[in-house]
Structures are given as structure tokens and as C-alpha cells.
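A quick write-up on the structure given underneath.
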Amino acid sequence: MIIFDENGLPTGRKVTGGRVRVVIIDDSQFVIKHLMQILLSRDFEVVGTAENGKEGIELVKKLKGQVDLVTLDITMPEMDGIQVLKEIKLIDPNIIVVMVTALGTAEAVKEAIKYGAKGYIVKPIDREKVIERIGQILR
Amino acid sequence: MRIEYINPFIEASFDILNEVLKTNVKRNELYLKKLGESMKGVAVVIGVTGKVTGRIVFDMTEETALKLASKMNGENIKEFDEMARSTIGELANMITGRAVTRLEKDNLSFYFTPPTIISGENLHIYEFSGMEALIIPLDTGLGIIEINIAFKEN
């Protein structure tokens with residue numbers, strides 16, 4: 001459970017103290033940079049980033065118990081976001097996974113929800129949209 | 001090439017470019033490109049499968065790519081470095097994603113690959129399957145992007 005500000009927007013702070021710990025997995029440095037800026041501006045703690053699925057899984061394994069939320073790109077080379085999602089859920093089913101995708105309501109998004117993703121953010125990465133969406137997911 | 005496959009790309013390009021660049025994007029006349037014609041210097045290639053097989057190339061000069069990357073990052077990017085490449089790849093990815101979403105609404109299944117970027121002088125593109133490429137030239141206000149589409153229906 002997190003603290004919401006007076007405008008009903010999520011802060012990255014937990015009711016129980018501490019901050020929401022996030023891992024960003026995306027093959028685009030551009031997306032990582034912008035998501036990180038947005039999350040840090042709301043007090044979330046970005047504990048790690050990975051530019052491909054394999055690295056992302058290793059990171060989540062290494063940080064087991066220290067990650068609350070993962071933002072996960074769907075379209076990545078080698079291992080796509082759906083495969084990575086399944087692995088993350090095996091490592092720690094409590095991690096909240098939010099898919100980040102250029103695809104709107106396409107099949108891949110529905111599949112991600114089926115495998116345990118809590119929601120999705122449709123690109124372009126827009127500050128207000130990301131904050132609002134994460135708020136809905138964490139509420 | 002059927003127009004119902006092309007229109008979503010035109011609409012998605014306008015939407016995404018307007019959203020991320022906040023400039024007034026204009027479309028110039030569509031045209032067909034012959035085999036082996038030269039590219040401008042930076043080409044983002046995305047493969048498409050499903051209802052069709054083919055590829056989309058987002059073709060622009062390096063100068064345009066740098067201007068677009070600078071605008072999208074809110075900082076002056078002077079070299080076509082990793083961040084510039086990532087930004088341009090992401091732009092192509094967003095346009096393709098939006099177009100594919102529209103196509104899926106019409107119950108047409110499409111899948112696409114992550115973007116590959118090719119850059120350099122004197123680039124030429126050749127199709128082996130005898131496909132003709134349709135070019136959508138877009139004036140972004142920061143330079144021209146030509147969206148080069150070659151699809152073959154399965």
C-alpha cells in the first residue's frame with residue numbers, strides 16, 4: 001500500500017515506511033531514461049535497470065525480496081516481455097509487473113495480463129499518463 | 001498493397017509524431033520506390049509478419065535523426081550515439097505499435113520485430129521478393145521522415 005498525495009496521485013512512499021522499489025526492463029535506453037526520471041520525481045526508488053530480458057531476470061533473482069514493482073517492455077529481442085514475465089512470477093509471485101508497450105490493446109497485452117501482469121502503460125511515455133496509470137495499478 | 005494496411009501507418013505516424021514532437025506534421029504525396037534506390041543515411045527497419053509479410057523502413061538523414069532525438073530528449077544531441085539511436089528506434093517502434101493496434105481492431109493479426117538501425121552513407125535497399133515499396137513522406141517540421149512500406153499478403 002502506498003501513500004497518495006492531495007491530488008490523488010501516487011507517491012513512491014509506502015504507508016509502512018520506505019519507498020516502492022522498482023526495476024525497469026526495456027531494450028530502449030530512451031525509455032529507461034524517461035521512466036526513471038518520472039519515477040524518481042515521485043519518490044520511487046529505482047533499484048536496477050536492464051536492457052534485455054535475460055539480464056532483467058538475473059537482476060530480479062539477485063534482488064529477490066527487494067523489488068516491489070517491475071516495468072517490463074513487451075517487444076524485446078531474444079526474450080520477449082511475456083517470457084520474462086513468466087520467469088519473474090516464478091522467482092517472486094508478489095512482484096507487481098507493469099507492461100510497457102507500443103501496442104494498445106493487442107493480443108500480447110491480453111496475454112501478459114493472463115500471465116499475471118497487473119496492468120500496462122501504452123507508449124509514448126508521458127509523465128502524467130505514467131503516474132496516473134501506476135497510481136491505478138497500486139491503489 | 002492494400003490501402004487498409006497503409007492507412008493505419010499514416011494515421012499512427014501523425015498521431016505519434018504530433019504527440020512526441022508537438023509540431024505540425026504534414027504529409028507529402030505518396031509514391032512508389034523502385035528497387036535499389038538510395039536511402040538517406042539513417043534507416044530504422046522493423047519486420048512485420050502475420051496477415052502480411054514484409055518490413056517498414058523509417059528513412060531519414062542523420063541531421064533529421066539528431067534533431068528528432070534532441071527534441072524527444074529535451075537536450076541537444078550532437079552525435080548519432082547510443083541515446084540518439086535508442087530514441088529514433090523507439091520513435092519507429094511507437095509508430096509501428098500504434099498502427100498494429102489499429103490493424104488488430106480490424107481483426108487483422110500483425111506481429112513486428114524490435115527495430116534495427118542501419119546508418120551510413122550511400123545506403124541502398126533491395127527486396128528479394130519483387131515487392132514494391134510505398135513511400136509516405138512526412139514533413140515533421142524538423143526534417144523529412146520517409147516511411148517506406150513493403151508488404152506481401154499471405
Side-chain angles (χ1 to χ4, degrees), chain A residues 24-38 40-41 49-56 71-84 98-114 119-130 132-133, chain B residues 8-9 11-13 15-22 44-51 56 58 65 68-75 77 81-117:
Chain A
I24 302 171
I25 305 173
D26 203 301
D27 66 334
S28 165
Q29 271 192 15
F30 172 79
V31 174
I32 290 178
K33 178 183 147 188
H34 286 264
L35 270 179
M36 187 145 43
Q37 281 172 351
I38 295 166
L40 293 177
S41 76
T49 65
E51 286 185 37
N52 64 59
K54 206 167 157 247
E55 265 178 38
T71 71
L72 179 56
D73 186 15
I74 291 189
T75 313
M76 291 190 288
E78 291 168 52
M79 234 181 154
D80 69 26
I82 308 288
Q83 289 172 283
V84 179
V98 180
M99 307 309 287
V100 177
T101 175
L103 297 160
T105 53
E107 280 307 313
V109 176
K110 289 181 200 154
E111 210 185 335
I113 302 293
K114 192 174 95 189
Y120 60 95
I121 296 166
V122 179
K123 293 189 263 192
I125 299 294
D126 167 81
R127 194 188 139 77
E128 278 71 38
K129 188 168 73 185
V130 170
E132 200 187 301
R133 203 82 179 104
Chain B
F9 283 91
E11 290 161 11
S13 303
D15 288 356
I16 297 288
L17 288 168
N18 282 325
E19 278 173 47
V20 300
L21 302 176
K22 317 256 187 289
V44 190
V45 185
I46 294 183
V48 178
T49 58
K51 183 78 183 164
I56 307 154
F58 296 80
L68 294 171
S70 297
K71 176 90 179 186
M72 286 173 69
N73 282 286
E75 61 183 276
I77 296 178
D81 57 11
E82 209 171 335
M83 183 51 79
R85 290 194 293 274
S86 168
T87 308
I88 295 304
E90 194 48 39
L91 180 64
N93 190 39
M94 287 188 284
I95 292 173
T96 309
R98 184 71 65 92
V100 167
T101 304
R102 284 171 192 263
L103 286 162
E104 290 205 341
K105 277 187 188 142
D106 297 332
N107 291 320
L108 299 167
S109 286
F110 281 74
Y111 303 92
F112 65 97
T113 64
T116 298
I117 299 188

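In the text below, chain A, chain B and the rest are named by the order of the sequence lines, each starting its count at 1.
- Neither the backbone nor the side chain of Thr96(B) comes within less than 4.5 Å of any heavy atom in chain A.
- Residue Phe110(B) does not touch chain A at all, counting heavy-atom pairs closer than 4.5 Å.
- Among residues two or more places apart in sequence or in another chain, the side-chain contact (heavy atoms from CB on, under 4.5 Å) test is passed with Ala92(B) by Val44(B), Ile46(B), Phe58(B).
- Using a 4.5 Å cut-off between heavy atoms, Asp27(A) touches chain B through its side chain atoms alone.
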Please step through salt bridge (Lys or Arg N to Asp or Glu O under 4.0 Å) for the pair Arg98(B) and Glu19(B), ending with a clear verdict. CA-CA 12 Å; Arg98(B) 184 71 65 92; Glu19(B) 278 173 47; 3.2 Å; yes
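- Put simply, the side chain of Asp26(A) does not reach to within 4.5 Å of the side chain of Thr71(A), judged on heavy atoms.
- By the side-chain contact (heavy atoms from CB on, under 4.5 Å) test, Glu78(A) pairs with no residue at all, sequence neighbours left out.
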